[in-house]
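Only one structure is covered here, and it is reproduced in the block below.
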Amino acid sequence: MSGALIKIDEEIVTSSVASVDLGGANWDSSYDVYVVKLNNVQAVTDETSLMLRVLKSSSADSTANYDRAEKVLKAYGAFGDNYYTNGTELIMESTGNASTDTVNSNLYLFNFNNSSEYSFLTYLHSTYTWFDETRGISGGAVHTVASASNGVQFFINSGNISAGTFTLYGLKK
Amino acid sequence: MAGSLEFIKSTTYSGVSSFSITDCFSAKYDVYKVVADDIVTSTQAFLRLRFINSSGTIISTNDYDFADLFLKADATFTQRIYKSVDDIFDFNLSDGSLSGGAGNTIAEIYNPFDTSYTNLSWEASNIYSSTYGVGLKGVGVLKQSTSITGMHFLTNTGTVTSTIKVYGYK
(Lines give C-alpha, C1' and ligand atoms only; values in the text may rest on other atoms or scores of the structure.)
Protein backbone atom coordinates (compact mmCIF):
# COMPACT_ATOMS: atom_id res chain seq x y z
CA MET A 1 0.00 0.00 0.00
CA SER A 2 1.33 3.42 -0.85
CA GLY A 3 1.72 5.98 1.90
CA ALA A 4 -0.35 9.08 2.43
CA LEU A 5 2.36 11.56 3.36
CA ILE A 6 4.29 12.39 0.19
CA LYS A 7 7.57 14.30 0.19
CA ILE A 8 7.46 17.21 -2.26
CA ASP A 9 10.54 19.27 -1.49
CA GLU A 10 13.44 19.27 0.95
CA GLU A 11 16.29 21.67 1.65
CA ILE A 12 19.14 20.62 3.92
CA VAL A 13 21.22 23.58 5.04
CA THR A 14 24.78 22.86 6.10
CA SER A 15 26.33 26.26 5.37
CA SER A 16 25.09 29.82 5.57
CA VAL A 17 22.16 30.77 3.34
CA ALA A 18 19.96 33.86 3.34
CA SER A 19 16.68 31.97 2.96
CA VAL A 20 15.08 28.62 2.23
CA ASP A 21 12.17 28.22 -0.17
CA LEU A 22 9.95 25.15 0.00
CA GLY A 23 7.74 24.68 -3.03
CA GLY A 24 8.05 27.34 -5.69
CA ALA A 25 9.12 25.54 -8.85
CA ASN A 26 8.79 22.27 -6.95
CA TRP A 27 5.25 22.95 -5.73
CA ASP A 28 2.75 20.18 -6.41
CA SER A 29 -0.77 21.57 -6.41
CA SER A 30 -2.50 18.20 -6.20
CA TYR A 31 -2.95 18.34 -2.41
CA ASP A 32 -5.39 20.17 -0.15
CA VAL A 33 -3.26 20.05 3.01
CA TYR A 34 0.53 20.27 3.31
CA VAL A 35 2.88 19.45 6.18
CA VAL A 36 6.19 21.25 6.78
CA LYS A 37 8.78 19.79 9.13
CA LEU A 38 11.64 21.86 10.52
CA ASN A 39 14.46 20.01 12.17
CA ASN A 40 17.50 21.46 13.95
CA VAL A 41 17.21 24.92 12.45
CA GLN A 42 19.96 27.27 13.60
CA ALA A 43 21.09 30.80 12.75
CA VAL A 44 24.49 32.31 12.04
CA THR A 45 23.77 35.13 14.48
CA ASP A 46 22.70 34.63 18.07
CA GLU A 47 19.49 36.14 19.47
CA THR A 48 17.68 36.35 16.16
CA SER A 49 14.34 35.07 14.87
CA LEU A 50 13.20 32.64 12.23
CA MET A 51 10.60 34.21 9.92
CA LEU A 52 8.17 32.91 7.32
CA ARG A 53 6.51 34.35 4.23
CA VAL A 54 4.25 32.63 1.74
CA LEU A 55 5.25 32.32 -1.89
CA LYS A 56 3.05 33.86 -4.58
CA SER A 57 4.14 32.71 -8.04
CA SER A 58 7.37 31.51 -6.36
CA SER A 59 8.20 34.92 -4.86
CA ALA A 60 7.98 35.73 -1.15
CA ASP A 61 5.08 38.06 -0.41
CA SER A 62 6.17 40.89 1.92
CA THR A 63 2.97 42.88 1.87
CA ALA A 64 1.47 43.69 5.29
CA ASN A 65 -1.13 40.94 5.31
CA TYR A 66 0.04 38.45 7.92
CA ASP A 67 -2.00 37.84 11.07
CA ARG A 68 -1.09 35.41 13.80
CA ALA A 69 -2.04 34.39 17.34
CA GLU A 70 -0.14 31.92 19.45
CA LYS A 71 0.45 30.59 22.94
CA VAL A 72 4.03 30.34 24.19
CA LEU A 73 4.55 27.33 26.48
CA LYS A 74 7.64 28.09 28.55
CA ALA A 75 9.46 25.65 30.79
CA TYR A 76 10.93 28.66 32.59
CA GLY A 77 7.99 30.91 33.42
CA ALA A 78 4.41 31.97 32.89
CA PHE A 79 3.04 31.20 29.47
CA GLY A 80 2.57 34.08 27.07
CA ASP A 81 0.26 35.18 24.28
CA ASN A 82 1.64 36.63 21.06
CA TYR A 83 -0.55 38.18 18.44
CA TYR A 84 -0.56 40.82 15.75
CA THR A 85 -2.32 41.74 12.54
CA ASN A 86 -1.05 43.07 9.24
CA GLY A 87 2.57 42.08 9.71
CA THR A 88 4.92 41.88 6.75
CA GLU A 89 5.95 38.36 7.72
CA LEU A 90 5.28 35.72 10.35
CA ILE A 91 7.73 35.62 13.23
CA MET A 92 8.17 31.91 13.84
CA GLU A 93 10.58 31.48 16.75
CA SER A 94 13.78 32.76 18.34
CA THR A 95 17.01 31.27 17.03
CA GLY A 96 20.58 31.06 18.20
CA ASN A 97 23.96 29.81 17.10
CA ALA A 98 25.04 27.42 19.86
CA SER A 99 24.98 23.72 19.08
CA THR A 100 21.98 23.15 21.33
CA ASP A 101 20.00 26.14 19.99
CA THR A 102 17.49 24.49 17.69
CA VAL A 103 14.08 25.18 16.27
CA ASN A 104 11.97 22.14 15.46
CA SER A 105 8.44 22.40 14.20
CA ASN A 106 5.43 20.78 12.64
CA LEU A 107 3.37 23.12 10.43
CA TYR A 108 0.23 22.54 8.41
CA LEU A 109 -0.65 24.63 5.35
CA PHE A 110 -4.28 24.99 4.27
CA ASN A 111 -5.99 26.43 1.18
CA PHE A 112 -2.74 27.28 -0.55
CA ASN A 113 -4.07 26.25 -3.95
CA ASN A 114 -7.36 28.07 -3.67
CA SER A 115 -7.24 31.40 -5.51
CA SER A 116 -10.39 32.67 -3.78
CA GLU A 117 -9.35 31.87 -0.20
CA TYR A 118 -6.73 33.12 2.22
CA SER A 119 -3.71 30.93 2.98
CA PHE A 120 -3.83 29.46 6.50
CA LEU A 121 -1.21 27.83 8.74
CA THR A 122 -1.10 26.09 12.09
CA TYR A 123 2.10 25.16 13.92
CA LEU A 124 3.63 23.66 17.02
CA HIS A 125 7.30 24.51 17.57
CA SER A 126 9.61 22.71 19.98
CA THR A 127 12.64 24.86 20.67
CA TYR A 128 15.75 24.99 22.79
CA THR A 129 16.37 28.70 22.85
CA TRP A 130 19.48 30.86 22.60
CA PHE A 131 19.02 31.62 26.32
CA ASP A 132 19.19 27.90 27.13
CA GLU A 133 15.56 27.24 27.93
CA THR A 134 12.89 24.95 26.51
CA ARG A 135 9.71 26.29 25.07
CA GLY A 136 7.02 25.55 22.53
CA ILE A 137 4.75 27.76 20.51
CA SER A 138 1.32 26.61 19.43
CA GLY A 139 -0.47 28.92 17.06
CA GLY A 140 -2.35 29.75 13.94
CA ALA A 141 -1.72 32.29 11.21
CA VAL A 142 -3.26 33.56 8.03
CA HIS A 143 -2.08 35.49 5.01
CA THR A 144 -5.14 37.62 4.23
CA VAL A 145 -4.78 37.74 0.48
CA ALA A 146 -7.30 35.74 -1.53
CA SER A 147 -4.98 34.21 -4.07
CA ALA A 148 -3.14 30.96 -4.56
CA SER A 149 0.18 30.37 -2.81
CA ASN A 150 2.82 27.92 -3.98
CA GLY A 151 5.10 27.49 -1.01
CA VAL A 152 6.76 29.15 1.94
CA GLN A 153 10.04 30.94 2.52
CA PHE A 154 12.04 30.84 5.76
CA PHE A 155 14.65 33.45 6.65
CA ILE A 156 16.29 35.07 9.67
CA ASN A 157 15.39 38.62 10.66
CA SER A 158 19.07 39.54 10.95
CA GLY A 159 21.71 37.39 9.29
CA ASN A 160 21.52 33.97 7.72
CA ILE A 161 20.36 30.43 8.38
CA SER A 162 23.35 28.23 9.25
CA ALA A 163 21.80 24.77 9.54
CA GLY A 164 18.59 22.80 9.43
CA THR A 165 16.42 20.43 7.47
CA PHE A 166 13.29 21.90 5.87
CA THR A 167 10.85 19.40 4.37
CA LEU A 168 7.54 19.87 2.58
CA TYR A 169 5.01 17.02 2.33
CA GLY A 170 1.61 16.71 0.77
CA LEU A 171 -1.19 14.87 2.53
CA LYS A 172 -2.70 12.57 -0.02
CA LYS A 173 -6.40 13.06 -0.75
CA MET B 1 4.19 6.50 -4.78
CA ALA B 2 5.81 5.44 -1.57
CA GLY B 3 4.88 7.52 1.46
CA SER B 4 7.26 9.52 3.61
CA LEU B 5 5.93 8.47 7.00
CA GLU B 6 7.20 4.96 7.59
CA PHE B 7 5.97 2.58 10.25
CA ILE B 8 8.78 1.39 12.53
CA LYS B 9 7.33 -0.49 15.44
CA SER B 10 4.23 -1.23 17.48
CA THR B 11 4.35 -2.45 21.03
CA THR B 12 1.41 -3.56 23.20
CA TYR B 13 1.39 -3.89 26.96
CA SER B 14 -1.50 -4.87 29.22
CA GLY B 15 -2.02 -4.25 32.93
CA VAL B 16 1.52 -3.09 33.73
CA SER B 17 2.87 -0.13 35.66
CA SER B 18 5.76 0.41 33.26
CA PHE B 19 7.00 -0.77 29.90
CA SER B 20 9.68 -0.03 27.34
CA ILE B 21 9.87 0.31 23.59
CA THR B 22 13.41 -0.46 22.60
CA ASP B 23 15.37 0.08 19.39
CA CYS B 24 12.77 2.33 17.79
CA PHE B 25 15.14 5.24 17.07
CA SER B 26 18.08 4.88 14.71
CA ALA B 27 20.23 6.75 12.22
CA LYS B 28 17.67 6.06 9.50
CA TYR B 29 15.36 8.93 10.56
CA ASP B 30 15.80 12.30 12.26
CA VAL B 31 12.17 12.99 13.20
CA TYR B 32 9.63 10.53 14.61
CA LYS B 33 5.92 10.44 15.24
CA VAL B 34 4.70 8.50 18.27
CA VAL B 35 1.04 7.53 18.37
CA ALA B 36 -0.35 6.46 21.72
CA ASP B 37 -4.08 6.08 21.33
CA ASP B 38 -6.59 4.28 23.52
CA ILE B 39 -4.41 4.42 26.62
CA VAL B 40 -6.47 2.71 29.33
CA THR B 41 -5.39 3.04 32.96
CA SER B 42 -6.73 1.33 36.07
CA THR B 43 -7.49 4.69 37.69
CA GLN B 44 -6.94 8.35 36.84
CA ALA B 45 -3.27 8.33 36.01
CA PHE B 46 -0.58 10.07 34.06
CA LEU B 47 1.58 8.14 31.64
CA ARG B 48 5.12 9.42 32.11
CA LEU B 49 7.92 9.23 29.55
CA ARG B 50 11.60 8.59 29.98
CA PHE B 51 14.12 7.93 27.23
CA ILE B 52 16.45 4.95 26.90
CA ASN B 53 20.03 5.53 25.76
CA SER B 54 22.09 3.40 23.40
CA SER B 55 23.51 1.47 26.35
CA GLY B 56 20.00 0.36 27.27
CA THR B 57 19.83 2.56 30.35
CA ILE B 58 16.55 4.25 31.25
CA ILE B 59 17.45 7.88 31.83
CA SER B 60 15.98 8.91 35.18
CA THR B 61 18.31 11.75 36.07
CA ASN B 62 16.97 15.29 36.50
CA ASP B 63 17.69 16.30 32.91
CA TYR B 64 14.17 16.80 31.58
CA ASP B 65 12.41 20.15 31.17
CA PHE B 66 8.86 20.45 29.97
CA ALA B 67 5.94 22.85 29.77
CA ASP B 68 2.38 22.07 28.86
CA LEU B 69 -1.04 23.61 28.79
CA PHE B 70 -4.14 21.79 30.01
CA LEU B 71 -7.03 23.06 27.91
CA LYS B 72 -9.90 22.15 30.21
CA ALA B 73 -13.46 22.01 28.96
CA ASP B 74 -14.82 23.06 32.36
CA ALA B 75 -12.36 25.52 33.82
CA THR B 76 -9.55 27.99 33.27
CA PHE B 77 -6.63 26.45 31.45
CA THR B 78 -3.72 25.23 33.57
CA GLN B 79 -0.05 25.90 32.89
CA ARG B 80 2.40 23.28 34.09
CA ILE B 81 6.08 24.14 34.14
CA TYR B 82 8.84 21.75 35.20
CA LYS B 83 12.60 22.15 35.02
CA SER B 84 15.28 19.59 35.79
CA VAL B 85 12.93 16.74 36.58
CA ASP B 86 13.35 13.02 36.03
CA ASP B 87 10.67 12.44 33.38
CA ILE B 88 8.07 13.99 31.09
CA PHE B 89 5.30 13.52 33.60
CA ASP B 90 2.38 14.76 31.48
CA PHE B 91 2.78 12.68 28.34
CA ASN B 92 -0.80 11.44 28.72
CA LEU B 93 -3.66 11.53 31.21
CA SER B 94 -6.28 8.76 31.32
CA ASP B 95 -9.14 8.14 33.68
CA GLY B 96 -9.64 4.43 34.21
CA SER B 97 -12.36 5.03 36.76
CA LEU B 98 -14.61 6.05 33.89
CA SER B 99 -15.88 3.84 31.10
CA GLY B 100 -14.64 5.52 27.95
CA GLY B 101 -11.90 7.40 29.78
CA ALA B 102 -9.01 6.32 27.58
CA GLY B 103 -6.40 8.95 26.73
CA ASN B 104 -4.78 9.65 23.40
CA THR B 105 -1.46 11.34 22.64
CA ILE B 106 0.41 12.17 19.43
CA ALA B 107 4.05 13.20 19.83
CA GLU B 108 6.87 14.40 17.60
CA ILE B 109 10.39 13.45 18.67
CA TYR B 110 13.30 15.39 17.16
CA ASN B 111 16.83 14.03 16.74
CA PRO B 112 16.82 11.33 19.44
CA PHE B 113 19.53 9.21 17.88
CA ASP B 114 22.21 11.82 17.30
CA THR B 115 24.21 13.09 20.22
CA SER B 116 22.38 16.38 20.66
CA TYR B 117 19.56 17.27 23.01
CA THR B 118 16.32 15.42 22.28
CA ASN B 119 13.36 17.76 21.80
CA LEU B 120 9.74 16.73 21.66
CA SER B 121 6.23 18.13 21.38
CA TRP B 122 2.93 16.44 21.98
CA GLU B 123 -0.80 16.95 21.77
CA ALA B 124 -3.38 14.90 23.60
CA SER B 125 -7.11 14.53 24.05
CA ASN B 126 -8.14 13.16 27.41
CA ILE B 127 -10.72 13.01 30.20
CA TYR B 128 -10.12 14.03 33.80
CA SER B 129 -12.07 14.00 37.05
CA SER B 130 -14.35 11.36 35.55
CA THR B 131 -16.30 13.96 33.62
CA TYR B 132 -14.44 16.64 31.81
CA GLY B 133 -12.68 16.74 28.49
CA VAL B 134 -9.18 18.15 28.45
CA GLY B 135 -6.70 18.82 25.68
CA LEU B 136 -2.97 18.90 26.22
CA LYS B 137 -0.30 20.75 24.29
CA GLY B 138 3.23 20.24 25.51
CA VAL B 139 6.90 20.62 24.71
CA GLY B 140 9.96 19.20 26.37
CA VAL B 141 13.61 18.37 26.14
CA LEU B 142 16.07 15.81 27.44
CA LYS B 143 19.20 17.83 28.17
CA GLN B 144 21.70 15.08 27.56
CA SER B 145 24.00 14.90 24.56
CA THR B 146 23.59 11.18 24.22
CA SER B 147 22.18 8.83 21.62
CA ILE B 148 18.60 7.75 22.40
CA THR B 149 17.29 4.47 21.04
CA GLY B 150 14.06 3.87 22.95
CA MET B 151 11.33 5.04 25.29
CA HIS B 152 10.20 3.91 28.72
CA PHE B 153 6.69 4.64 29.98
CA LEU B 154 5.47 4.44 33.56
CA THR B 155 2.30 5.40 35.37
CA ASN B 156 2.22 7.62 38.43
CA THR B 157 -0.32 5.22 39.96
CA GLY B 158 -2.02 1.99 38.95
CA THR B 159 -1.54 0.12 35.70
CA VAL B 160 -1.89 0.81 32.01
CA THR B 161 -2.93 -1.06 28.90
CA SER B 162 -1.67 0.51 25.73
CA THR B 163 -0.35 0.11 22.24
CA ILE B 164 2.34 2.56 21.19
CA LYS B 165 3.21 2.99 17.53
CA VAL B 166 6.37 4.66 16.24
CA TYR B 167 6.82 6.11 12.76
CA GLY B 168 9.77 7.79 11.06
CA TYR B 169 9.68 10.77 8.70
CA LYS B 170 11.68 9.98 5.60
Side-chain angles (χ1 to χ4, degrees), chain A residues 1-10 12 28 30 35-42 70-81 93 98-107 122-129 132-139 163-172, chain B residues 1-7 29-34 63-71 76-85 88-90 106-124 135-146 167-170:
Chain A
M1 181 186 295
S2 63
L5 189 68
I6 308 301
K7 185 185 290 185
I8 298 171
D9 196 8
E10 183 171 68
I12 300 173
D28 181 341
S30 58
V35 177
V36 173
K37 305 291 292 186
L38 307 183
N39 183 30
N40 260 347
V41 176
Q42 296 177 312
E70 61 192 24
K71 180 68 99 176
V72 185
L73 290 70
K74 306 172 184 176
Y76 53 93
F79 295 179
D81 296 331
E93 177 57 299
S99 62
T100 54
D101 298 346
T102 61
V103 177
N104 307 284
S105 187
N106 191 59
L107 299 93
T122 64
Y123 46 87
L124 178 57
H125 310 322
S126 178
T127 302
Y128 199 76
T129 68
D132 296 333
E133 298 284 3
T134 298
R135 74 177 185 189
I137 297 181
S138 177
T165 300
F166 302 73
T167 312
L168 171 68
Y169 303 93
L171 195 58
K172 200 170 181 178
Chain B
M1 182 184 294
S4 294
L5 185 65
E6 298 185 338
F7 175 76
Y29 309 97
D30 294 326
V31 184
Y32 298 81
K33 181 181 285 293
V34 176
D63 292 322
Y64 299 87
D65 294 352
F66 71 90
D68 58 7
L69 185 66
F70 280 56
L71 298 91
T76 302
F77 299 170
T78 300
Q79 303 175 13
R80 287 165 64 93
I81 303 164
Y82 291 88
K83 278 179 66 73
S84 301
V85 291
I88 304 291
F89 194 93
D90 295 351
I106 304 284
E108 306 280 323
I109 313 283
Y110 297 93
N111 307 303
F113 190 75
D114 72 12
T115 53
S116 61
Y117 289 1
T118 297
N119 295 276
L120 71 153
S121 63
W122 69 96
E123 297 177 284
L136 267 176
K137 283 182 179 288
V139 295
V141 65
L142 169 63
K143 296 181 294 182
Q144 282 196 7
S145 297
T146 184
Y167 304 82
Y169 286 93
K170 196 173 178 182

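Nearest heavy atoms, Val139(B) versus His125(A): CG1-O, 3.5 Å. Pairing each heavy atom of Ala75(A) with each of Lys83(B), the nearest pair is O-CG, 2.9 Å.
Of the listed residues (Asp114(B), Leu120(B), Asp68(B)), the one with the most heavy-atom contacts under 4.5 Å to chain A is Asp68(B). For the set Thr127(A), Asn104(A), Asn40(A), Thr134(A), the entry with the most heavy-atom pairs within less than 4.5 Å of chain B is Asn104(A).
For Ser99(A), no part lies under 4.5 angstrom from a heavy atom of chain B. Neither the backbone nor the side chain of Leu171(A) comes within contact range of chain B; no heavy atoms are under 4.5 Å apart. Only the side chain of Glu123(B) comes within contact range of chain A, with at least one heavy atom under 4.5 Å from a heavy atom of that chain.
Taking CZ from Phe79(A) and OG1 from Thr78(B), the interatomic distance works out to 10.0 Å, rounded to the nearest 0.5 Å. One distance of note links NZ of Lys170(B) with CD of Glu10(A); it measures 11.0 Å at 0.5 Å rounding. In this structure, CD1 in Ile106(B) is found 12.5 Å from CG in Leu124(A), a value given to the nearest 0.5 Å. A distance of 12.5 Å separates CD1 in Ile137(A) from OG in Ser121(B), rounded to the nearest 0.5 Å. The OH atom of Tyr76(A) lies 11.5 Å from the CG atom of Asp65(B); values are rounded to the nearest 0.5 Å.
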Exercise for the section: Any chance you could lay out the side chain to side chain contact (heavy atoms under 4.5 Å, CB included) test for Leu73(A) and Phe66(B), step after step, and finish with the verdict? Expected result: CA-CA 9 Å; Leu73(A) 290 70; Phe66(B) 71 90; over 6 Å; no
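For Asp90(B), the salt bridge (charged side-chain N to carboxylate O under 4.0 Å, His left out) test picks out Arg80(B), with sequence neighbours left out. In this structure Tyr169(B) satisfies the side-chain contact (heavy atoms from CB on, under 4.5 Å) test together with Leu5(A), Lys37(A), Asn106(A), Tyr169(A), Leu5(B), Val31(B), Lys33(B), Glu108(B), sequence neighbours excluded.
With Ser126(A) contributing its side chain and Asn119(B) its backbone, the two residues share no donor-acceptor pair below 3.5 Å.
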